[in-house]
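What follows is a short report on a single structure.
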Amino acid sequence: MLSFGKLDLKEKALAHLVTPEIEHLVASIPKPVGSFGYDPWGYNEERFKVALGAAKWLYDKYFRVTVHGLENIPKSGRVLIIGNHSGQLPMDGVLVGVAAATNPDGPRLARAMIERFFPTVPWLGNYLNALGGVIGDPANCSKMLEMEEAIIVFPEGVRGSGKLYKKRYQLQRFGNGFMHLAMNHKTPIVPVGIVGCEETMPALLNLAPVAKLLGLPYLPLVPSLMPLPARVYLNFGKPMHFSSCANESEAMERVEEVKAELRLLIDQGLQERTSLY
Amino acid sequence: MATPKQSSKKTVLITGAAGSLAKRVIARLQGRYNVIAVDFRRKVETDAGIPSYLVELHKRGFEDIFAEHKIDAVIHIGRMFAHEKDRMQRYNANVLGSKRLLDLARKYKVGQVIIHSTYMVYGASAYNPALLDEEAPLKAGEVTQDLVDSVEVESLANIYLWKHPELNITILRPCNVLGPGVRNTMSILLARPLVPVLVGFSPMMQFLHVEDMAEAMVLAFEKNKPGIYNVAPDDYVPYQQAVTECGCRKLPIPSIPPMLPRTISSALNWNAFFPPYMVSYFKYPVILDGKLFRETFGWKPKRNLNDIFSYYRKQKLVAKAAK
């Protein structure tokens, strides 16, 4: 009987998170799953709904996200969403994911690339997979694009998320992998300029030696371990199409084109921002 | 279907004939082909007209079968499991036995060889992408010494595949095969009431009904399109959910430090159903892309995951009712 009460509480909490609106959104996402509701990478609709419910609250109430250009995300078909990375914790990935999943123009499951050590962490690895996260292996991306999925990529990787506050809104070196994926799989790139995440966790110092000892990519000295409630602005740009190219230097030029577009979108966000928090 | 005349019937030799998969393959070929059954475990009881031999592939008696019958094709299903004999004997039976089989196939001009491999050759690692293609590296040897024989059988078959195209070698790498009578590790495991699971890990898995696998082997034989193929459905389920669906109770095993579950498995002698060398397969996924086989052979499994699991569920209900 005791457990009965507990179950009741759990159900109430779930009903609070998984609103009819969330149910409707997830039901309209064009994402095929197997007979038990899973895809090959472990994505699970039921667990995604709950997480989306919680993340939607953060999106609306905590970070008070302002978004423009959602119509640029195609309603269906393969797409690479490319953003600037910041904020130590991947809150920017979560918020872009919520924006895509709650897009009134056509909700999409946008898959995030996760760090390679996550699958070795009990519970967390499986949990991130259930929400659509996948280790950033090019083989995974190729398969997903061929299956017409939407993928979020931060080509700066830890160089972007781990950078110090004094370098905010300066794009770090981009990997070229995303450009090759876009060219090889004829995939449009939708750039997204993210403003505000830098202020969620401003890092003053990176304790690199300690991070190395712990096997972490970086360990910042931050004013708060909780992300601060900064206002976030997401500006999605027009889809960019690239045909295949002859060599790496041409690929670099194309990456620079994307970076230039991202800088414009970031500036747009910085201009419309009237207060940090 | 028109049955060919007695004289024009092809002769097919099937190894591992005592096993549940081979029995189903034989049942499908019987009548349309002359079937010869071979097993190293015991002399298989067969229907009239099917010669049956008890012989080890790497021992002398095996060649006599080739000398006696004009064999057109070999379906090599027989494999010694890790829990059946020690590592050395297993290596001899599986690797040397397969090499001898391929050499004899050349010597006696066998026109086709089907090799039954396993998804385990890819190895279970945290960094595995999902939907592994046939070109993915075979990393099982890196994970454990106990699977070296599976990887070596494959590389042997691969050498013969390009060096001796006249053998028409087809290598099939199925995912977990389950069903009535199946005695592989996964089937023995899911038939148990209490099943070990690693705390915090529930890798995605693929399962295939043994009838569908038998169908796939027969297709591979009859259509004869040499090459390497994954055989798997496009449906996926986490291990711990499969355990529950099969009516098993979970026995949580601590997963940290990584050596611990392996130590527990060896200390408690869980070789038959949760062997130390397979622990990583209960931790990390090996998900196959079965598209190439499905499209090349026009094959699609007829039984879904629920059909597969319900056999194990019912088995437990029957056992409970009998108590």
Side-chain angles (χ1 to χ4, degrees), chain A residues 31-48 78 109 111-149 151 153 157 177 180-181 184-185 214-215 217, chain B residues 122 124-133 135-137 175 197-207 230 232-245 252-258 260-261 280 282-291 301 303-310:
Chain A
K31 166 70 195 157
V33 288
S35 57
F36 283 90
Y38 288 89
D39 87 344
W41 291 273
Y43 163 78
N44 179 247
E45 234 168 50
E46 291 307 312
R47 290 169 93 177
F48 179 73
R78 59 189 77 179
L109 167 71
R111 318 199 61 149
M113 301 288 108
I114 59 174
E115 275 298 321
R116 281 179 173 253
F117 70 83
F118 280 124
T120 64
V121 184
W123 290 292
L124 188 60
N126 286 158
Y127 184 64
L128 292 175
N129 290 149
L131 306 189
V134 170
I135 56 165
D137 191 298
N140 276 333
C141 294
S142 299
K143 291 281 178 187
M144 287 192 293
L145 292 178
E146 289 301 320
M147 290 164 80
E148 309 299 341
E149 301 227 18
I151 307 178
V153 180
H180 288 287
L181 280 169
N184 293 342
H185 298 281
L214 294 173
Chain B
Y122 291 112
S125 123
Y127 311 120
N128 271 351
L131 296 176
L132 294 163
D133 284 320
E135 294 79 26
C175 61
V197 300
L198 298 185
V199 171
F201 292 94
S202 186
M204 297 310 290
M205 286 191 178
Q206 287 161 300
F207 298 95
N230 292 331
D234 55 352
D235 200 358
Y236 321 87
V237 63
Y239 168 61
Q240 296 206 16
Q241 190 163 352
V243 168
T244 319
E245 293 293 327
I253 305 295
S255 49
I256 290 174
L260 194 57
S280 59
F282 297 105
K283 193 172 180 185
Y284 300 124
V286 184
I287 292 294
L288 310 181
D289 191 336
K291 203 168 129 202
R303 291 140 195 98
N304 63 25
L305 286 175
N306 193 47
D307 299 334
I308 297 170
F309 297 148
S310 70

*Tell me, for Gln206(B) versus chain A, whether the close heavy atoms (under 4.5 Å) come from the side chain, the backbone, both or neither.*
neither
*If you look at every heavy atom in Asn128(B) and Ile135(A), which pair is closest and at what distance?*
O-CD1, 4.2 Å
*Spacing of CE belonging to Met204(B) relative to OH belonging to Tyr38(A), to within rounding of 0.5 Å*: 6.5 Å
_Part of Asp289(B) lying under 4.5 Å from any heavy atom of chain A_ = side chain
*Sort Ile256(B) into side chain, backbone, both or neither according to what part of it lies under 4.5 angstrom from a heavy atom of chain A.*
side chain
Show which side-chain atoms of residues 120-133 of chain A pair as donor or acceptor with protein atoms under 3.5 Å away, not counting sequence neighbours.
residue	atom	partner	partner atom	Å
Thr120(A)	OG1	Phe117(A)	O	2.6
Asn126(A)	OD1	Ser202(B)	N	2.6
Asn129(A)	ND2	Gly133(A)	O	3.0

*Indicate whether the side chain of Ser35(A) and that of Asp235(B) have a donor and an acceptor atom separated by less than 3.5 Å.*
yes
*Atom OH in Tyr127(B), atom CG in Asp137(A): separation rounded to 0.5 Å?*
12.0 Å
*For Phe201(B) against Pro119(A), the heavy-atom pair lying closest together*: CE2-O, 3.4 Å
*With side-chain contact (heavy atoms from CB on, under 4.5 Å) as the test, would you mind laying out the steps for Tyr43(A) and Tyr236(B) before giving the verdict?*
CA-CA 10 Å; Tyr43(A) 163 78; Tyr236(B) 321 87; over 6 Å; no
*What residues form a side chain to side chain donor-acceptor pair (under 3.5 Å) with Glu115(A), not counting sequence neighbours?*
none
*Side chain, backbone, both or neither: which part of Leu131(B) has a heavy atom under 4.5 Å from chain A?*
both
